[in-house]
Novice: 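Provided herewith is a single structure, encoded as structure tokens, for subsequent inquiry.
Quick note on labels: first sequence line is chain A, next is B, and so on, each numbered from 1.
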Protein chains: 2
Amino acid sequence: MLELAILGFLHDTPLHGYELRKRITALTGHVKPVAESTLYPAIKRLENAQLLERATQPGSVAAPRHVLTLTEEGGRELRRRLADPARRDITDENRWFTVLAFLRHLEDPEAQAAVLRRRLAFLEEPASFFYDGDRPLRAEELDDPFRRGILTIARATSQAELTWLRTTLDSLDAAGH
Amino acid sequence: MLELAILGFLHDTPLHGYELRKRITALTGHVKPVAESTLYPAIKRLENAQLLERATQPGSVAAPRHVLTLTEEGGRELRRRLADPARRDITDENRWFTVLAFLRHLEDPEAQAAVLRRRLAFLEEPASFFYDGDRPLRAEELDDPFRRGILTIARATSQAELTWLRTTLDSLDAAGH
DNA sequence: CGAGGATACATCGGTTCCGATGTATAAAAG
DNA sequence: CTTTTATACATCGGAACCGATGTATCCTCG
């Protein structure tokens, strides 16, 4: 997920690590902070895989900046990851939001719609957090107010997202004539 | 988080690893599956810390079961983790839901309310995913339909949860007279 | 002019995660 | 009667994560 965010931000414009960190923090930091000790190794991984290039820009501000630029292969990799996300990227909201944040980089409306449809299919599966045997329990059936809260919140999220998904899919279908 | 779920489930009743896995899968598996190779080491960690005990129950079904029982120290540790969750457990929805799923084990309504209040404070912070400088952007200001979706969904979730939090806090306050 | 804070990068070590793989047994299906 | 599926546990190795810590510069404010 971190790697996707790095590729996504660099697709717009070259950045150095520190600025990248600020952007990633703005995007997902309030939920899950990004440690520098996680970011720099991730940058190195992507560099080793030749998905990005590093150009040292000496002493303009403080320590010498390493400006990171996405390579062509990096751009292709970004599009691959966006077009064909792992199941976890679809089901886990944190990951899903990261996919959504950069989905516009996947230029083809059909391909974008296909990704949204995977999320739609997931949300339409009858899943709960609590079961009586195999039967999913509804909020009303729980005594525990906290567990009832989980279901209430999840249901509201799900409703809002389903509505959004359906209207967005409609307009993507219209765009893809 | 996994550890919290293990402690939480064992607080109700002793279980062997495989059954534990099924319960955790029912709880959070549709979002984030639990690998056995994550579960068993986690059990071992908790056992080494003397938070749970293992009793081998030979050949009743298939392979010999290791029935896991929470120790007294394990119960205390569960309550400690519930009463004083890390910031990440409050901000990350996946983790937060796990806290909520077991919050009833924290018997004191005041203590339960204190945890909910931390989540409330977090949700009331003016946070966005996208900024113009320091100013959080609203959904309407974004061209990108996917990013607009993120904000729309996040807002709906947040509204639903705020409503639930406030009513639940009211009734907890009433219970704690 | 000295202190503090922001900028910028980096490493280290411990912990955790997880896919792949292995070993058995018992029950159900064909 | 044999294959498949479910039960039940376990290890290994590579990857990822992350808190702590270190280094060095520049800017601002008192």
Novice: Atom CG of A:Asn48 to atom C1' of D:dA15: distance rounded to whole Å?
Specialist: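 Interatomic distance, CG of A:Asn48 to C1' of D:dA15: 14 Å.
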
Novice: Should A:Val34 and A:Leu20 be regarded as members of a common hydrophobic cluster, given that ILVMFWY residues are connected when their side-chain heavy atoms come within less than 4.5 Å of each other, either directly or indirectly?
Specialist: yes

Novice: How long is the line joining CG of A:Asp92 and P of C:dC17, in whole Å?
Specialist: 14 Å

Novice: Can you tell me if A:His66 and A:His16 form a side-chain donor-acceptor pair at under 3.5 Å?
Specialist: no

Novice: Could you work out which one of D:dC12, C:dC17, C:dT7 sits closest to the side chain of B:Thr38?
Specialist: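 Comparing D:dC12, C:dC17, C:dT7 against the side chain of B:Thr38, the answer is C:dC17.
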
Novice: Hey, is A:Glu140 close enough to A:Arg147 for a salt bridge, meaning N to O under 4.0 Å?
Specialist: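 No.
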
Novice: With respect to the phosphate group of D:dA16, does any side-chain polar atom (N or O) of A:Lys44 fall under 4.0 Å of OP1 or OP2?
Specialist: no

Novice: Whether the B:Gln159 and B:Trp164 side chains hold a donor-acceptor pair (N or O, under 3.5 Å, no angle test) is what I'd like checked.
Specialist: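 There is no such pair between these side chains.
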
Novice: Go through the N and O atoms of the side chain of A:Glu36 and the base of D:dC18, and report whether any donor-acceptor pair is under 3.5 Å.
Specialist: no

Novice: Given that A:Pro41 and B:Ser37 both sit by DNA chain D, which one's nearest nucleotide is further toward the 5' end?
Specialist: B:Ser37

Novice: Without decimals, in angstroms, what is the distance between A:Tyr40 OH and D:dA16 C1'?
Specialist: 18 Å

Novice: How long is the line joining NE2 of A:His66 and C1' of D:dA24, in whole Å?
Specialist: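 Those two atoms, NE2 and C1', are 13 Å apart.
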
Novice: Pick from A:Arg166, A:Arg119, A:Arg117: which one makes a salt bridge (charged side-chain N to carboxylate O under 4.0 Å, His left out) with A:Glu124?
Specialist: A:Arg166

Novice: Does OP1 or OP2 of C:dC18 have a side-chain N or O of A:Arg88 closer than 4.0 Å?
Specialist: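 Looking at the OP1 and OP2 atoms of C:dC18, one of them is under 4.0 Å from a side-chain N or O of A:Arg88.
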
Novice: Expressed as a whole number of angstroms, how long is the span from B:Leu39:CG to D:dA10:C1'?
Specialist: 12 Å

Novice: Under 4.0 Å between a side-chain N or O of A:Tyr18 and OP1 or OP2 of C:dC9?
Specialist: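 Negative; the distance criterion is not met.
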
Novice: Counting the atoms with a prime plus P, OP1 and OP2 as sugar-phosphate, which does B:Arg21 contact under 4.0 Å by heavy atoms, base, sugar-phosphate, or nothing?
Specialist: nothing

Novice: Rounded to the nearest angstrom, tell me the gap between atom CD in B:Glu19 and atom P in D:dA6.
Specialist: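 After rounding, the reported distance stands at 15 Å.
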
Novice: To the nearest Å, how far apart are B:Leu15 CG and D:dA8 P?
Specialist: 11 Å

Novice: Please report, rounded to the nearest Å, how far the P atom of C:dT25 is from the NE2 atom of B:His16.
Specialist: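 Nearest whole value for this atom pair: 18 Å.
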
Novice: Return the nearest nucleotide to the side chain of A:Arg65; candidates are C:dT7, D:dA8, D:dC18.
Specialist: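 Comparing C:dT7, D:dA8, D:dC18 against the side chain of A:Arg65, the answer is C:dT7.
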
Novice: Tell me whether the side-chain N/O atoms of B:Arg45 come closer than 4.0 Å to OP1 or OP2 in C:dT15.
Specialist: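 For B:Arg45, the contact criterion (side-chain N or O under 4.0 Å from OP1 or OP2 of C:dT15) is not met.
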
